[in-house]
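All residue numbers refer to positions in the sequence shown, counting from 1.
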Amino acid sequence: QVQLVESGGGLVQPGGSLRLSCAASGFPFSSYFMKWYRQAPGKQRELVAGISSGGDSTYYADSVKGRFTISRDNAKKTVALQMNSLKPEDTAVYYCKADGYVMYWGQGTQVTVSS
């Protein structure tokens, strides 16, 4: 059974930090490109960051470049998103996605940036 389970979301003040984690099971994690997406109310889901299967290549949306860092641990089958200097516009549901021969999505975790 394939599972992607996100955790680490919550309420944080502007300028604060959060670390999201996505735990994978049921598929060959180390062969998959992993991505984080987010979807704010009334907006389309957007790609935030991605990391290659071996972890040697990363991608960031311009809006998060320099503030967010994506990483993965293939031994533990996890992918993380470290989010620093958070802004109210970062408020969204954050989703983990596995891209390979088949695509898998997590259920999402809410991130709210507000004072």
Side-chain angles (χ1 to χ4, degrees):
Q1 179 183 1
V2 172
Q3 281 194 313
L4 286 172
V5 180
E6 299 98 334
S7 61
L11 173 64
V12 64
Q13 291 187 342
S17 297
L18 280 176
R19 183 177 178 86
L20 305 183
S21 184
C22 174
S25 61
F27 66 98
F29 179 79
S30 62
S31 298
Y32 277 68
F33 199 104
M34 297 300 297
K35 298 177 180 177
W36 285 97
Y37 283 76
R38 67 185 180 188
Q39 187 166 21
K43 294 189 177 181
Q44 288 190 332
R45 193 170 295 189
E46 64 172 345
L47 176 62
V48 174
I51 187 166
S52 60
S53 57
D56 56 329
S57 179
T58 57
Y59 163 85
Y60 297 96
D62 286 343
S63 57
V64 306
K65 211 170 282 186
R67 300 188 297 121
F68 290 11
T69 302
I70 189 171
S71 61
R72 68 189 294 160
D73 186 330
N74 283 345
K76 294 182 179 179
K77 298 184 180 181
T78 58
V79 59
L81 186 67
Q82 177 66 41
M83 305 187 296
N84 299 329
S85 303
L86 282 162
K87 305 175 181 180
E89 51 263 43
D90 294 318
T91 296
V93 178
Y94 284 71
Y95 298 90
C96 174
K97 181 188 179 188
D99 263 351
Y101 185 72
V102 182
M103 294 183 293
Y104 304 110
W105 287 92
Q107 82 290 348
T109 185
Q110 176 70 47
V111 170
T112 303
V113 184
S114 175
S115 54

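- Closest of all the heavy-atom pairs between T91 and Q110 is CG2-NE2, 4.0 Å.
- Atom OG1 in T78 sits 11.5 Å away from atom CG in L4 (nearest 0.5 Å).
- At least one side-chain heavy atom of M83 sits less than 4.5 Å from a side-chain heavy atom of V111.
- A distance of 8.5 Å separates CD1 in I51 from OG in S57, rounded to the nearest 0.5 Å.
- Looking only at side-chain heavy atoms (C-beta outward), F68 and V48 come within less than 4.5 Å of each other.
- Counting only distance, with no hydrogens or angles, the side chain of D73 and the backbone of K76 share a donor-acceptor pair below 3.5 Å.
- For K65, the side chain to side chain donor-acceptor pair (under 3.5 Å) partners two or more places apart in sequence, or in a different chain, are D62.
- Connection of I70 to M103 is not established within any shared hydrophobic cluster, with ILVMFWY side chains joined at heavy-atom distances below 4.5 Å, either directly or through further cluster members.
- For S52, the side chain to side chain donor-acceptor pair (under 3.5 Å) partners are D56, not counting sequence neighbours.
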Practice prompt. Tell me, with the steps shown, if V113 and E89 meet side-chain contact (heavy atoms from CB on, under 4.5 Å).
Written response: CA-CA 8 Å; V113 184; E89 51 263 43; over 6 Å; no
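- For the pair R38 and Y95, the cation does not sit on the ring face, since its NZ or CZ is not both under 6.0 Å from the ring centre and inside 45° of the axis.
- Grouping the Ile, Leu, Val, Met, Phe, Trp and Tyr side chains by contacts below 4.5 angstrom, directly or via other members, places V79 with Y101.
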Please table the atom pairs, donor to acceptor, closer than 3.5 Å between any side-chain atom in residues 14-34 and protein atoms at least two apart or in another chain.
residue, atom, partner, partner atom, Å
S17, OG, N84, OD1, 2.9
R19, NH1, Q82, OE1, 3.4

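- In this structure, W36 is not a member of the same hydrophobic cluster as V93, with clusters built from ILVMFWY side-chain heavy atoms closer than 4.5 Å.
- Distance check, rounded to the nearest 0.5 Å: OH of Y60 to CG of L81 gives 7.5 Å.
- A donor-acceptor contact shorter than 3.5 Å links the side chain of N74 to the backbone of S53.
- Listed for the E6 side chain is a donor-acceptor partner under 3.5 Å among the backbone atoms of C96.
- Taking every heavy atom of both residues into account, D90 and R67 meet most closely at OD2-NH1, 2.8 Å.
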